[in-house]
Amino acid sequence: MNWERHKKKQAAKQRKSSTLHLTPNELNAQRLRRVTKKKVRARTPSERSLSRKERLNKAGFEKFIAIDCEFVGTGSSGRKSELARVSIVDSTCQVVFDSFVSPLDEIKDYRSHVSGIHPGDLDGAPSYRDIQQQVHDIMKDKVIVGHSLTSDLKALKMSHPRAQQRDSAAFSIFLRNGRPQSLKALTEKYLHKKIQTGEHCSVEDAKSSMQIFLKFCKQWESAASRNEHYENTMYNSKMRSRMPKYKRKKLKKLKQKLQ
């Protein structure tokens with residue numbers, strides 16, 4: 001036992017002495033190689049000079065956009081939700097589109113404490129049809145990222161291919177007891193920052209959705225390629241209990257890895 005411990009100490013000393021002449025960049029590559037057991041080369045000066053946007057585009061992320069909408073209350077009692085603002089950001093979290101929308105019906109409740117929209121904000125706003133066409137043109141042939149995309153698409157009265165949606169309210173590893181968590185909770189847990197502390201901002205929410213997606217993009221895209229991105233049975237705990245036991249174990253292990 002003592003001899004094994006001595007051998008480990010000697011090996012650690014040798015590793016330490018062999019890294020004294022390395023640059024910080026080479027040292028990081030060596031540490032990463034030791035953890036992943038794969039050959040990882042340090043980035044070249046030309047690669048380091050690339051901007052974040054250029055690196056993401058080179059990796060194929062230019063096709064991803066994040067969308068978020070805010071709503072106001074219409075109808076006789078103000079309970080009907082109608083589109084009032086749409087925001088879209090690209091994979092670098094730069095704003096691609098952000099506009100207020102003139103609702104089709106008379107506004108009964110601005111829901112300012114949640115929507116962040118106040119009387120006067122929608123004065124002179126573009127019509128619903130104009131915004132709908134502009135958003136349609138931006139979303140064409142893109143993969144959309146967001147939280148509760150179903151409600152956003154419903155408000156826009158648009159459809160989008162299921163395979164080109166990345167919804168953090170439906171991705172299996174983000175569910176708790178078979179139910180979706182709020183974007184606020186996901187952002188605080190995985191991005192370690194607080195959003196929606198007061199009035200909501202659709203730009204901030206869209207950026208948070210994109211950042212969460214980029215953090216888990218490998219697992220997300222892997223699941224999407226196997227058609228496991230949407231697990232409708234997990235929306236409800238009763239249906240979740242009908243899942244085979246081996247699937248529940250597999251999901252539990254995946255969640256533990258990501259925590």
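The residues of the chain are indexed from 1 along the displayed sequence. The figures here come from the full heavy-atom set of this structure, side chains too, leaving out hydrogens, waters and symmetry mates.
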With Phe97 as partner, the option from Val89, Val135, Ile67, Asp90 fulfilling side chain to side chain contact (heavy atoms under 4.5 Å, CB included) is Val135
In terms of hydrophobic clustering (I, L, V, M, F, W, Y; side-chain heavy atoms under 4.5 Å; direct or indirect links), are Leu183 and Phe64 co-clustered? yes
Using the test salt bridge (charged side-chain N to carboxylate O under 4.0 Å, His left out), find all partners of Asp109 that sit at least two apart in sequence or belong to another chain. none
Check Asp121 against Gly116 and note the closest heavy-atom contact, atom names and distance. OD2-O, 4.0 Å
Paired with Thr187, the side chain to side chain contact (heavy atoms under 4.5 Å, CB included) test is passed by just one of Ser182, Ser168, Ser208, namely Ser208
Side chains of Asp130 and Gln134: any donor to acceptor distance under 3.5 Å? no
Would you please indicate if the ring centroids of Phe216 and Phe174 are separated by under 6.0 Å? yes
Joint hydrophobic cluster, Ile107 plus Leu83, side-chain heavy atoms closer than 4.5 Å: no
Same cluster or not: Leu153 versus Val101, using hydrophobic residues (I, L, V, M, F, W, Y) connected whenever any side-chain heavy atoms lie under 4.5 Å apart? yes
How long is the gap from CG on Leu214 to CH2 on Trp220, to the nearest 0.5 Å? 10.0 Å
Do Val72 and Pro103 have side-chain heavy atoms sitting under 4.5 Å apart? yes
Stepwise, does the side-chain contact (heavy atoms from CB on, under 4.5 Å) test hold for His147 with Leu186? CA-CA 10 Å; His147 191 80; Leu186 292 174; 3.9 Å; yes
Exercise: identify the closest heavy-atom pair between Lys108 and Gly75: CG-O, 2.8 Å
List, by chain and then residue number, the residues other than Val114 in its hydrophobic cluster (Ile/Leu/Val/Met/Phe/Trp/Tyr, side-chain heavy atoms under 4.5 Å); write none if there are no others. none
Whether over 12 other heavy atoms sit under 6.0 Å from Lys193 NZ: yes
Is there a side-chain contact between Cys217 and Phe61, using heavy atoms and a 4.5 Å cut-off? yes
Tell me, please, which residues at least two apart from Glu188 pass salt bridge (charged side-chain N to carboxylate O under 4.0 Å, His left out). none
For Leu104, what residues pass the side-chain contact (heavy atoms from CB on, under 4.5 Å) criterion, not counting sequence neighbours? Glu82, Tyr128, Lys157
Take Ile144 and Asp152 through the side-chain contact (heavy atoms from CB on, under 4.5 Å) test and state the conclusion after the steps. CA-CA 11 Å; Ile144 59 171; Asp152 292 341; over 6 Å; no
Smallest separation among heavy atoms of Val203 and Ser87, with atom names: CG2-OG, 3.4 Å
I'd like to know whether Leu122 forms a side-chain contact (heavy atoms from CB on, under 4.5 Å) with Ser102, so could you lay out the CA-CA distance, the side-chain angles of the two residues, the decisive distance to 0.1 Å, and finally the verdict. CA-CA 6 Å; Leu122 304 182; Ser102 182; 5.9 Å; no
Could you give the distance from CD (Glu62) to NZ (Lys142), rounded to the nearest 0.5 Å? 6.5 Å
Got a second to check how far Lys189's NZ is from Gln181's CD, nearest 0.5 Å? 5.5 Å
Taking atom CG of Asp141 and atom NZ of Lys63, what is their separation to the nearest 0.5 Å? 11.0 Å
Glu70 versus Cys201, closest heavy-atom pair with distance: OE2-C, 3.8 Å
Would you indicate whether the side-chain heavy atoms of Met139 and Ile65 approach each other to under 4.5 Å? yes
Closest approach of Pro126 and Phe100, non-hydrogen atoms and distance? CD-O, 3.4 Å
Which heavy atom in Ser148 sits nearest to a heavy atom in Ala169, and how many Å separate them? N-CB, 3.6 Å
Drop me the distance from His200's NE2 to Lys184's NZ, to the nearest 0.5 angstrom. 7.0 Å
Do Leu175 and Pro180 come close enough that some side-chain heavy atom pair is under 4.5 Å? yes
Atom CD1 in Ile117, atom CZ in Arg111: separation rounded to 0.5 Å? 10.0 Å
Contact list for residues 201-224, test salt bridge (charged side-chain N to carboxylate O under 4.0 Å, His left out), sequence neighbours left out: Arg166-Glu221
Not counting sequence neighbours, which residues clear salt bridge (charged side-chain N to carboxylate O under 4.0 Å, His left out) with Asp98? List them please. Arg85
